[in-house]
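Bear in mind the structure is a predicted one, so any value in this text is a computation, not a measurement. Heavy-atom basis, side chains included; hydrogens, waters and symmetry copies ignored.
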Amino acid sequence: MPIPLFNSIASWLLKKRYHQIELFIKYPGEVQEEVLFQLLEIAEDTQIGRRYEFETISSYRSFADRIPITSYEEIEPLIERTRRGEQNIFWPTSIKWFAKSSGTTNAKSKFIPVSAEALEDCHYKSGKDLLCLYLNNNENSQLFTGKSLRLGGSKELYEDNGTFFGDLSAILIDNMPFWAELSSTPSNKVSLMSQWESKMNAIIKESIQENVTSLAGVPSWMLVLLSNVLEETGQKNILDVWENLEVYFHGGVSFNPYREQYQNLLPKSNFNYYEVYNASEGFFAIQDRNNAEDLLLMLDYGIFYEFIPMNFYGQEDQKVVPLWEVELNQNYAIIITTNAGLWRYKIGDTVRFTSIVPYRIKVTGRTKHHINAFGEELIIENAEEALKNSCQKTGAEIMDYTAAPIFMSSNSKGAHEWIIEFRKAPEDLDYFTEVLDNALKSLNSDYEAKRYNNMTLKMPKVHKARKNLFYDWLKVKDKLGGQHKIPRLSNERLYLDELLDLNK
């Protein structure tokens, strides 16, 4: 089929979906309730369904009263039984795929069930919707005249007891229809390579001569790839390599610390950046407007959402609300019930609603990845915004960072300690630290109160990391690859101390 005709047909099909999106925007509560009762009906004869008598649940309130909030640790025995081949425990259709979670650098891995319904009605559907929303906003797009350069995880799939596990990206690539590979680069063979450094070279070799019109991947790792592309080609910017490149679809970590670096690599005033919010457990939200900083929550992917206000999180009587009861500018932990058999499951992420007509969110961090050693409640959203502000004022550029507390002692007050790997270091690290501290005060009143007159917290301590420190740290842990992320904030010093030792 000629490319212009393919482009027209694909655009037409994707835009038809936009009318369905408008439907859940108009009737969000009704669509979410329909999702919930469909899930309950489908799973009523599973072991979980019979235990909690799904067939008798007739309202959201009875659902919430009867089924407990769960964590991975609490349902791990059920998942392990399914991994060994037992079925119909928490979902009726056969589950043979498990996404090996790499959202943290913890040694302990999670194996998230991926059903056929989750693959088709959530993960693949979201990919089509991303294109649908992008094309709706960019009618002159030539996206389908070229290929998408995708940068996924670095693990192959491993068979175990008749079931398979691996990075979610590997599962998606292994199951996607043949025609999808025709519009992507690199090939599936290269995408599924397990050795990250060899894979990087293979991606460049396969993709450098292609007509790449879009990029897709985690910002930190995509930056490494693009830098290697420039080194290989000798070009000054990425548009000299791929002149028809028009959009970068990104997710996984905040884009703020990397934005200026991408603008330097892609010096085009109308270049588009589109953010997505997905995880091993599901695909949740998509940027639905050009140049927006929030994401549209997708309500018809077989996922029912609930939320815990973070000021109640972890308490015995913690408050849990459905989507139609959320409030603006409140920090919430997300609870999901899914078409892969996760029932009222804590995924560990926090979000803030920027709009409720329609429901749009910003990802603010992780329930475990924050610093609250002194009552300051510093979340990743604060840290990212403060670092962005500090870079703008000092001309610095950041590659990676992490931070943790310096705990109080009998003769010393507490503080926050940071280690930052700069692409472009500030001329004066002390001034950078002062700007960072002031930015955090302006963004977080609890932090400001603890810093008042050095009452509880002293000035933060910032270390400049050597080149490739974070890369080497991940390599030591065998966690190189597109889905592995640096833990940004922690209430304990484990990550920070390991990095400081490696930085000597």
Looking only at non-hydrogen atoms, find the nearest pair between [X] and [Y] and report the distance.
X	Y	result
Ala285	Ile361	CB-CD1, 4.0 Å
Glu232	Ile208	CG-CD1, 4.0 Å
Ile303	Gly282	CD1-CA, 4.2 Å
Pro460	Asp437	CD-OD1, 3.5 Å
Asn382	Asn444	OD1-ND2, 3.0 Å

Is [X] salt-bridged to [Y], cutoff N-O under 4.0 Å?
X	Y	result
Asp167	Lys100	no
Glu376	Lys450	no
Glu381	Arg352	yes

Hey, would you say the [X] and [Y] ring centroids sit under 6.0 Å apart?
X	Y	answer
Phe249	Tyr134	yes
Phe283	His123	no
Phe307	Phe353	yes
Phe422	Phe432	yes

Sequence neighbours left out, what passes side chain to side chain donor-acceptor pair (under 3.5 Å) with [X]? Give chain and number order.
X	answer
Asn211	Asn244
Lys458	Ser412
Asn278	none
Glu206	Ser187

Tell me, please, which residues at least two apart from [X] pass side-chain contact (heavy atoms from CB on, under 4.5 Å).
X	answer
Gln235	Leu230, Thr233, Asp240, Val241
Lys393	Asn389, Val435
Ser227	Arg423
Ala99	Ile112, Val114, Leu168, Ile171, Ser280

Handout entry: Backbone of Ser442 reached by a side-chain donor or acceptor of Tyr447 within 3.5 Å
Key = no

Spatial distance of atom [atom1] ([X]) from atom [atom2] ([Y]) [nearest 0.5 Å]:
X	Y	atom1	atom2	value
Asn438	Leu443	CG	CG	11.0 Å
Ile398	Cys391	CD1	SG	3.5 Å
Leu245	Ser214	CG	OG	7.5 Å
Leu131	Asn138	CG	CG	11.5 Å
Tyr431	Thr394	OH	OG1	7.5 Å
Leu149	Thr213	CG	OG1	10.0 Å

Do we see a donor-acceptor contact under 3.5 Å between the side chains of [X] and [Y]?
X	Y	result
Tyr248	Glu275	no
Thr364	Thr350	yes
Tyr332	Glu327	no
Glu246	Ser141	yes
Asn290	Tyr274	yes

Practice task
Measure the acute angle between the ring planes of Phe374 and Phe407, then classify it against the limits of 30° and 60° as parallel, tilted or perpendicular.
Solution key: tilted

Practice task
Could you list all the salt bridge (charged side-chain N to carboxylate O under 4.0 Å, His left out) pairs where at least one residue sits in residues 489-498, not counting sequence neighbours?
Solution key: Glu417-Arg493, Lys477-Glu498, Arg493-Asp497

Problem - All pairs passing side chain to side chain donor-acceptor pair (under 3.5 Å) where residues 295-314 contributes a residue, at least two apart - result: Arg17-Asp300, Tyr60-Glu306, Asp129-Tyr301, Glu306-Arg344

Completion exercise
Sequence neighbours excluded, the answer for ring-ring contact (aromatic ring centres under 6.0 Å, His included) partners of Tyr277 is Phe284

Residues, nucleotides or ligands: over 12 heavy atoms within 6.0 Å of [X] [atom1]:
X	atom1	result
Lys268	NZ	yes
Lys441	NZ	yes
Lys362	NZ	yes

Handout entry: By salt bridge (charged side-chain N to carboxylate O under 4.0 Å, His left out) - contacts of Asp294 (at least two apart)
Key = Arg289

